[in-house]
Amino acid sequence: MSKGALALLIRSGDQNWAPERWRDRFRTALPGRDVVSIPDDAFDPLAIDYAAVWKPKHGELAAFPNLKVIFNLGAGVDAVLSDPQRPDVPLVRVAVDDLTSRMTEYVVMHTLMHHRQQSYLAGCQARSEWAPREQWPASAVRVGVLGLGVLGRHAAEMLHALGFQVAGWSVTRKSLTGISCYAGHGELGTFLARTDILVCLLPLTPQTSGLLRRELFLQLAKDGPLGGPVVINAGRGGLQNESDILDCLDNGVLKAVTLDVFEAEPLNPASRLWRHPAVTISPHNAADTDPDTISSYVAGQILQFEAGGTLENVVDRARGY
Ligand code: NDP
Ligand code: OXD
């Protein structure tokens with residue numbers, strides 16, 4: 001095995017993450033280079049310069065003494081940063097148009113679904129019932145996006161283009177045409193008080209963990225046309241308290257939720273979330289990472305790095321995203 005090899009560490013049973021699928025794409029994207037999928041392939045730990053990972057087990061990355069860069073195969077790096085033995089080398093995350101567009105499709109679809117009362121209409125159809133309700137315009141609905149990073153900003157801009165009143169919240173203040181931008185915990189209450197549909201696209205960090213809980217839901221606007229606040233979370237499950245979500249749906253603090261991510265994944269079949277009529281669930285596939293796009297993205301960065309260039313989208317370890 002020659003130096004400069006890439007190790008793939010993919011620890012997810014989901015179909016999109018079948019390791020051999022990713023290994024084939026990486027071998028095509030990096031011709032002539034050793035690409036091994038661990039633990040299936042034999043490898044020399046000393047020859048591994050790069051690791052491309054999705055949810056690696058704690059301690060796995062520490063096995064490569066010559067590691068130069070870790071490439072996370074998704075946008076969220078919480079699973080890598082939580083490894084206390086993670087080698088002190090640059091961690092690059094995914095920020096590509098393909099992923100961003102997929103997430104925006106998801107956010108727009110679910111925002112429209114709640115706005116256009118789709119669950120009510122599906123219920124009517126199931127009963128063969130012709131019963132139109134008043135439908136308000138998008139301009140009457142206030143959407144608030146938690147997180148104005150690569151994903152939140154694009155989703156916010158698309159929602160604004162559809163006519164919604166859009167605001168966003170981030171650590172540092174942004175300036176986005178047509179979007180009201182709030183920053184920091186001091187402005188969170190004002191942001192929530194003007195929000196009918198709350199979209200969460202935050203990373204999971206010690207600061208954001210458990211943010212989506214009763215105390216926050218109680219601060220959302222209650223006077224919007226939907227008849228109660230709606231929450232859409234496609235950030236991470238660790239941002240939400242699922243027992244609070246169920247209680248708040250049951251007692252009318254929340255009108256409905258769409259969840260793509262969960263405290264524990266896959267979501268336990270026994271969870272009441274599956275059966276609650278006001279809950280829409282997707283299996284953490286709001287924005288899949290595409291093996292073709294991401295293997296070219298990682299290969300491009302490796303070649304750039306080896307030519308003396310800089311890596312892009314390196315995670316700030318102190319911030320945690
Ligand atoms: P970015 O790092 O580009 O953006 C993160 C945003 O969150 C920034 O605007 C940042 O503020 C803001 N933020 C972070 N911490 C806080 C805080 N404590 N208070 C207020 N704002 C905060 O990330 P992406 O947009 O690329 O991705 C966001 C997350 O989406 C990922 O971390 C991942 O968890 C999730 N994701 C989910 C997917 C899915 O399929 N469900 C797919 C891809 C990603 P500032 O700009 O000021 O730093
Ligand atoms: C990601 C994800 O972070 O798929 O990219 O959740």
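Whatever order the structure lists them in is the order used to number ligands and atoms, beginning at 1.
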Note: Arg272-Asp250 ion pair, threshold 4.0 Å (strictly below): yes

Under 3.5 Å: N/O of Gly147 near N/O of ligand 1: no

Ligand 1 to Val77 polar contact by distance, N or O atoms, under 3.5 Å: no

Contacting atoms of ligand 2, where contact means under 4.0 angstrom from a heavy atom of Gly76: 1 (C), 3 (O)

Donor-acceptor side-chain pairing of Asn16 and Arg21 below 3.5 angstrom: yes

Polar side chain donor-acceptor pair, Gln207 to Tyr321, under 3.5 angstrom: no

Distance in Å, Phe43 CZ paired with Ile38 CD1, rounded so as to fall on 0.5 Å steps: 4.0 Å

Ion pair check, Asp223 and Arg142, cut-off under 4.0 Å: yes

Sidechain N-carboxylate O distance under 4.0 Å for Arg23, Asp40: no

Contact (N/O only, under 3.5 Å) between His284 and ligand 2: yes

Whether Trp22 and Trp17 hold their rings parallel, tilted or perpendicular, with breakpoints at 30° and 60°: parallel

Ligand 1 contact on Lys174 by region, counting heavy-atom pairs under 4.0 Å: side chain

Taking atom 38 (C) of ligand 1 as the reference point, the nearest protein heavy atom with its distance: Met103 CE, 3.4 Å

Identity and separation of the nearest protein heavy atom to atom 5 (O) of ligand 2: Ala75 N, 2.7 Å

Ligand 1 contact by Arg93, heavy-atom criterion under 4.0 angstrom: yes

Residue part near ligand 1, for Val150, under 4.0 Å between non-hydrogen atoms: both

Proximity flag Arg173 to ligand 1, non-hydrogen atoms under 4.0 Å: no

Any Thr205 heavy atom less than 4.0 Å from ligand 1: no

Short N or O distance, Thr289 and ligand 2, threshold 3.5 Å exclusive: no

Ala95 to ligand 1, any heavy atom closer than 4.0 Å: no

Backbone or side-chain N or O of Gly149 under 3.5 Å from ligand 1 N or O: yes

Heavy-atom gap Arg93 to ligand 2 smaller than 4.0 Å: no

Which residue and heavy atom of the protein sit nearest atom 29 (C) of ligand 1, plus the separation: Leu202 O, 3.7 Å

Region of Trp17 engaging ligand 2 - heavy atom pairs below 4.0 Å: neither

Which residue and heavy atom of the protein sit nearest atom 2 (O) of ligand 1, plus the separation: Tyr321 CD1, 3.4 Å

Which segment of Arg319 sits under 4.0 Å of ligand 1 when only heavy atoms are counted: side chain

Polar atom proximity, Ala75 to ligand 1 (N or O, under 3.5 Å): no

Residue, atom name and distance, where the atom is the protein heavy atom closest to atom 35 (C) of ligand 1: Gly235 O, 3.4 Å

Asp260, portion touching ligand 1 at heavy-atom distance under 4.0 Å: side chain

Close-contact set for ligand 2 against Arg236 heavy atoms, below 4.0 Å: 1 (C), 2 (C), 3 (O), 6 (O)

Contact with ligand 1 for Gly74, non-hydrogen, under 4.0 angstrom: no

